[in-house]
Amino acid sequence: EVQLVESGGGLVQPGGSLRLSCAASGFTFSIYYMSWVRQAPGKGLEWVSTINTGGGSTTAADSVKGRFTISRDNAKNTLYLQMNSLKPDDTAVYYCARPRGRTLKVTTTTWKDYDYWGQGTQVTVSS
C-alpha cells in the first residue's frame with residue numbers, strides 16, 4: 001500500500017530552521033509530483049509547495065516563498081522541505097501529500113486535491 005511518513009518536526013525558535021522529510025513507499029515515487037501542505041490549529045488546509053517528478057521545477061505559496069525549499073531524492077524515495085527563517089505563523093502540522101494531478105500551479109487547496117498523505121509532523125515555532 002501507499003505509505004507516506006513525515007519526520008523532522010519539532011519546536012524551534014522564530015528565525016530558526018528545520019528540515020522535514022517524507023519517506024514514500026508502495027508506489028513509483030519518481031513519476032509523481034509531490035506536495036507539502038499544512039494545517040494550523042483552527043485553520044483550514046494550506047498548500048505549501050509542490051515539486052515535479054524530476055525535481056527540476058518547484059512552486060511555493062507566497063507565504064513561504066524565499067524561506068522554504070522543497071526537494072526530492074528519487075533514489076531514496078524521499079521528499080524534503082527545508083524551512084528557514086521560521087515564523088510563529090508557520091506553526092502547523094505538515095503533511096507530505098501526493099497530488100492527484102501533475103501541475104505546479106496551485107492557489108487554494110483541499111484534501112480532494114490529493115489521493116494520499118501521511119500522518120503529519122508537528123512544527124511549532126515559538127520563543
Side-chain angles (χ1 to χ4, degrees):
E1 74 276 25
V2 171
Q3 288 189 310
L4 298 169
V5 181
E6 301 94 337
S7 62
L11 174 64
V12 296
Q13 295 185 49
S17 297
L18 209 57
R19 189 198 198 200
L20 307 184
S21 297
C22 170
S25 62
F27 67 102
T28 306
F29 180 73
S30 62
I31 65 171
Y32 285 89
Y33 282 41
M34 295 297 297
S35 296
W36 287 98
V37 298
R38 67 186 183 185
Q39 191 162 31
K43 300 190 69 176
L45 190 67
E46 181 185 12
W47 169 74
V48 175
S49 190
T50 297
I51 190 166
N52 73 342
T53 54
S57 296
T58 65
T59 51
D62 289 342
S63 59
V64 307
K65 200 170 299 180
R67 299 188 298 119
F68 291 10
T69 302
I70 190 171
S71 63
R72 66 194 297 162
D73 187 338
N74 286 340
K76 297 173 65 176
N77 285 357
T78 303
L79 179 73
Y80 303 98
L81 185 68
Q82 178 66 47
M83 305 185 295
N84 298 325
S85 302
L86 283 160
K87 306 174 180 179
D89 283 351
D90 295 319
T91 295
V93 178
Y94 284 71
Y95 299 89
C96 171
R98 194 178 82 174
R100 293 185 182 275
R102 295 169 63 84
T103 181
L104 294 170
K105 300 176 182 178
V106 180
T107 52
T108 59
T109 194
T110 72
W111 287 117
K112 292 182 179 180
D113 296 320
Y114 311 93
D115 54 7
Y116 292 98
W117 54 88
Q119 83 288 350
T121 186
Q122 176 71 50
V123 172
T124 302
V125 185
S126 177
S127 58

Are the side chain of Thr59 and the backbone N or O of Leu104 linked by a donor-acceptor pair below 3.5 Å?
-> yes

State, with a plain yes or no, whether a side-chain heavy atom of Ser63 is found less than 4.5 Å away from one of Arg38.
-> yes

Check ion pair Lys65-Asp62 (N to O, under 4.0 angstrom) | yes

Plane angle bin for Tyr94 and Phe68 - parallel if under 30°, tilted between 30 and 60°, otherwise perpendicular | tilted

Test side chain to side chain contact (heavy atoms under 4.5 Å, CB included) applied to Trp47 and Val64, Val106, Thr110, Asp113, the passing residue | Val106

Within a strict 4.5 Å, meaning less than it, do heavy atoms of the Thr121 and Ser7 side chains meet?
-> no

Spell out, as yes or no, whether a donor-acceptor pair under 3.5 Å connects the side chain of Asn74 to the backbone of Asn77.
-> no

Of Thr91, Leu81, Leu11, Leu20, which meets side chain to side chain contact (heavy atoms under 4.5 Å, CB included) against Val123?
-> Leu20

So, does Gln3 use its side chain to make a donor-acceptor pair with the main chain of Ser25 at under 3.5 Å?
-> no

For the side chain of Arg19 and the backbone of Tyr80, is there at least one donor-acceptor N/O pair under 3.5 Å apart?
-> no

Of Phe27, Tyr95, Phe29, the one forming a side chain to side chain contact (heavy atoms under 4.5 Å, CB included) with Leu4 is Phe27

Between the side chain of Arg72 and the main-chain N/O of Thr53, is any donor-acceptor distance below 3.5 Å?
-> yes

Crowded around Asn84 CG? As in, over 12 foreign heavy atoms under 6.0 Å?
-> yes

Any donor-acceptor pair under 3.5 Å linking the side chain of Thr103 with the backbone of Gly101?
-> no

ILVMFWY cluster, Val125 and Val48 together (side-chain gap under 4.5 Å) = yes

Do you reckon Ile31 sits in the same ILVMFWY cluster as Met34, going by side-chain contacts under 4.5 Å, direct or chained?
-> yes

